[in-house]
Amino acid sequence: MVRKCLYTIWILAMMLVVFTGAKAQQKINPDSIRGKMQWFADAKLGIFIHWGMYSVNGIDESWSFYNKKISYADYMQQMKGFTASKYNPQQWAALIKETGARYAVITTKHHDGMALWPTKQNHLNVVTNTPAKQDVLGPFYKALTEQGIKKGAYFSLLDWSHPDYPGFIKDSSRYKIADDPERWKRFQHFFQNQIHEINTAYKPDLWWFDGDWEKSSDEWQSESVRKQILSIQPNAIINGRLQGYGDYETPEQNFPVSRPKYNWWELCMTTNNNWGYHPDDTAYKTPFEVITIFADVVSNGGNLLLDIGPKADGTIPAEQVNILKELGKWNKKNGEAIFNTIAGLPQGHFYGPTTLSKDSATLYLFLPAQTAGNIMIKGLVNTIMDVQVLGTAAHLKQKVVGKISWSPVPGLVFISVPENVRDEYITVLKLSLDKPVKLYRGQGGLN
């Protein structure tokens, strides 16, 4: 009995830590950043790029040596094969533009410490340590700018290769900070300088930090990092992995079932099951699956950051190119329902994703590819002025069922969707309303 009580107390204590941490995580007042966040809220789609020495053997980025799947020495041997011999940043940027994405994020440095730019901090970089012998970061950012795409910089705060970083392999470390605080100060100086290098040389529009879980906000000097970035780029956006000093949340891989409560959020997700190039991973998502996930993300007021992993020579796997091109084709047809919209109807009104125009007078319904026949909307007080199949000239009829003249409760709206207007992936209906959307959320009857 005592053991059971102690276990219960422990569970409650852990819950308190979790909930307290969740509250402490949001240290930035949303109202103070609302202006600079507008482009991000409108963007909806970003492309994530994991590229580094791990693409040579096609193994887990950094984690393969950390988790002892491969020795550290063998992992670092991959530097000799990182050639970037077919790297064409203009082609990368053009492909990203074709998807409809408004921003792209590239791994400037992963946990293994390899910088994609010629860092001046006497540490690993592709110019000095690989056959690539070139700054691959600068040309890509230049190509993005030419395409009108916002520049994002992934940066690992931790660095398992740096001699002054405590962490190394999962069951070993170099030292404890408490035993050698000066050594830790050297590392703080190092990573702050690298951030400053990127910020001054390339001026990213968005910072995508990672690795913050190993240390506290004070140890990462999170507030100082934020101030340093914004002193040069006042409108730069910072993701939520800076121990409470970020601007938006970043759930990874796992899709949230209910709409996240934070003002801005982004789901980062791979096109197969791995972040970097992994030739043994053939579990690619289909274009239909990616588009379905994307529609659901946008319906819930978020962005999708979709990842690709180029090969060591700089070419992008054909499967990933196909996914991006098919996504782009669908966005070209249905982008009105995606970009510059706001989150759609609460759950219960329609069996599928929805979005709204910014004035809320246009409602977009997303139907799975094979949906035909009658679809239904519940609790819509508005009068629907027109129903159009987006990307086509087809206009559909509607029927209101169950509306009682003396009751304030709206009827059910049925719309018949013929088979010949269906999209290959997801059909989108555009509903023009008589005024900004108004919903009935009651329990029926007279209320």
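Quick note: numbers below take in every heavy atom, side chains included, and nothing from hydrogens, waters or symmetry partners. Note that this is a predicted model, so its numbers are computed, not measured. Throughout, residue positions are numbered sequentially from 1 according to the sequence presented.
Taking each heavy atom of I426 and L367 in turn, the nearest pair found is CG2-O, 3.0 Å. The shortest heavy-atom contact between P118 and N125 is CA-OD1, 3.9 Å. When all heavy atoms are compared, the tightest approach of T371 to V417 is O-CG1, 4.2 Å.
Within 6.0 Å of the CG atom in N254, the count of heavy atoms belonging to other residues, nucleotides or ligands does not exceed 12. For M385, the CE atom counts as loosely surrounded, since its 6.0 Å shell holds 12 or fewer non-hydrogen atoms of other residues, nucleotides or ligands. Annotation for K403: atom NZ counts as buried by contact number, over 12 foreign heavy atoms lying within 6.0 Å.
Side chains of W207 and I229 form a contact here, defined as non-hydrogen atoms less than 4.5 Å apart. A heavy-atom distance below 4.5 Å is not found between the side chains of T315 and Y277. Contact check for W39 versus N340: no side-chain heavy atoms found under the 4.5 Å cut-off. Annotation: side chain of T355 is not in contact with side chain of I342 (no heavy-atom distance under 4.5 Å). In this structure the side chain of F155 reaches within 4.5 angstrom of the side chain of I195, judged on heavy atoms. Side-chain contact check for L206 versus Y103: some heavy-atom pair is nearer than 4.5 Å. Two residues are said to be in side-chain contact when any heavy atoms from C-beta on lie closer than 4.5 Å; P317 and V321 fail this criterion. Considering only heavy atoms from C-beta on, R34 comes within 4.5 Å of N263 through its side chain.
For the 3.5 Å distance criterion, the side chains of E266 and T250 fail to qualify, holding no donor opposite an acceptor. Counted by atom type alone, T270 and Q253 present one or more donor-acceptor pairs between their side chains at under 3.5 Å. Between the side chains of S357 and D359, at least one donor N or O sits under 3.5 Å from an acceptor N or O. A donor-acceptor contact under 3.5 angstrom links the side chains of H395 and D386, judged on distance only. Between the side chains of D280 and H278, at least one donor N or O sits under 3.5 Å from an acceptor N or O. For the residue pair Q134 and Y87, no side-chain donor N or O sits within less than 3.5 Å of a side-chain acceptor on the partner.
At distances below 3.5 Å, at least one donor-acceptor pair connects side-chain atoms of E197 with backbone N or O atoms of K120. Checking side-chain atoms of T107 against main-chain N and O of K109 turns up no donor-acceptor pair under 3.5 Å. Judged by distance alone, with hydrogens and angles left aside, the side-chain atoms of S55 form a donor-acceptor pair with the main-chain N or O of G52 at under 3.5 Å. In terms of modelled atom types and a separation under 3.5 Å, the side chain of S222 and the main chain of L242 share a donor-acceptor contact. With S432 contributing its side chain and T362 its backbone, the two residues share no donor-acceptor pair below 3.5 Å. With N303 contributing its side chain and L45 its backbone, the two residues share no donor-acceptor pair below 3.5 Å. With hydrogens and angles ignored, the 3.5 Å screen pairs a side-chain donor or acceptor of K44 with a backbone N or O of T341. In terms of modelled atom types and a separation under 3.5 Å, the side chain of N300 and the main chain of G302 share no donor-acceptor contact. A donor-acceptor pair under 3.5 Å is formed between the side chain of D205 and the backbone N or O of K151. Between the N322 side chain and the A318 main chain, no donor and acceptor come within less than 3.5 Å of each other.
The salt bridge (Lys or Arg N to Asp or Glu O under 4.0 Å) analysis of residues 301-324, with sequence neighbours excluded, yields no pairs. Annotation: side-chain hydrogen bond (donor to acceptor under 3.5 Å, both in side chains) contacts involving residues 226-235, sequence neighbours excluded, comprise Q192-Q228, R226-D247. Annotation: salt bridge (Lys or Arg N to Asp or Glu O under 4.0 Å) contacts involving residues 425-439, sequence neighbours excluded, comprise E336-K430. The ring-ring contact (aromatic ring centres under 6.0 Å, His included) pairs that include a residue from residues 253-275 are F48-W275, H50-W275, where partners are two or more places apart or lie in different chains.
Legend: residues meeting ring pair (Phe, Tyr, Trp, His ring centres under 6.0 Å) with F366, ordered by chain and number and at least two apart, are absent. Qualifying side-chain hydrogen bond (donor to acceptor under 3.5 Å, both in side chains) partners for S217, counting only residues two or more places apart in sequence or in other chains: none. Partners of H189 according to the side-chain hydrogen bond (donor to acceptor under 3.5 Å, both in side chains) rule, which considers only residues two or more places apart in sequence or in another chain, are N193. Taking the salt bridge (Lys or Arg N to Asp or Glu O under 4.0 Å) definition, one finds that K358 meets it with D42, sequence neighbours left out. Residues passing the ring pair (Phe, Tyr, Trp, His ring centres under 6.0 Å) test with F82 are W51, sequence neighbours excluded. Looking at residues two or more places apart in sequence or on another chain, you find no side-chain hydrogen bond (donor to acceptor under 3.5 Å, both in side chains) involving N199. For E419, the side-chain contact (heavy atoms from CB on, under 4.5 Å) criterion is met by A372, R422, not counting sequence neighbours.
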Could you give me the CA-CA distance, side-chain angles and deciding distance for Y154 and D210, then say whether side-chain hydrogen bond (donor to acceptor under 3.5 Å, both in side chains) is met? CA-CA 7 Å; Y154 169 106; D210 199 13; 2.7 Å; yes

Any chance you could lay out the salt bridge (Lys or Arg N to Asp or Glu O under 4.0 Å) test for R241 and E249, step after step, and finish with the verdict? CA-CA 8 Å; R241 301 187 184 190; E249 294 301 314; over 6 Å; no

Test log, rule side-chain hydrogen bond (donor to acceptor under 3.5 Å, both in side chains), inputs Y202 and D135: CA-CA 12 Å; Y202 310 113; D135 172 10; 2.8 Å; yes

side-chain hydrogen bond (donor to acceptor under 3.5 Å, both in side chains) between H110 and S62, worked out: CA-CA 7 Å; H110 206 268; S62 308; 2.8 Å; yes

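Atom CZ of F294 and atom OG of S299 lie 12.0 Å apart (nearest 0.5 Å). Y165 contributes atom OH, which lies 5.0 Å from atom NZ of K215 (distance to the nearest 0.5 angstrom). With rounding to the nearest 0.5 Å, the separation of CG in L390 from CD1 in I338 is 9.5 Å. The NE2 atom of H349 sits 12.5 Å away from the CG atom of L365 when rounded to the nearest 0.5 Å. The OG atom of S64 sits 10.5 Å away from the OH atom of Y54 when rounded to the nearest 0.5 Å. In this structure, I291 CD1 and L304 CG are separated by 11.0 Å, a value rounded to the nearest 0.5 Å.
Aromatic ring orientation, W92 versus F140: perpendicular (interplanar angle above 60°, classes split at 30° and 60°). Between H162 and H123, the angle of the ring planes lies from 30° to 60°, which puts this pair in the tilted group.
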Distance-only donor-acceptor hits, side chain of residues 142-149, under 3.5 Å, sequence neighbours excluded:
{"unit_1": "K142", "atom_1": "NZ", "unit_2": "E146", "atom_2": "OE2", "d": "2.8"}
{"unit_1": "T145", "atom_1": "OG1", "unit_2": "Y141", "atom_2": "O", "d": "3.0"}

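For Y66 and W160, the ring centers are positioned less than 6.0 Å apart.
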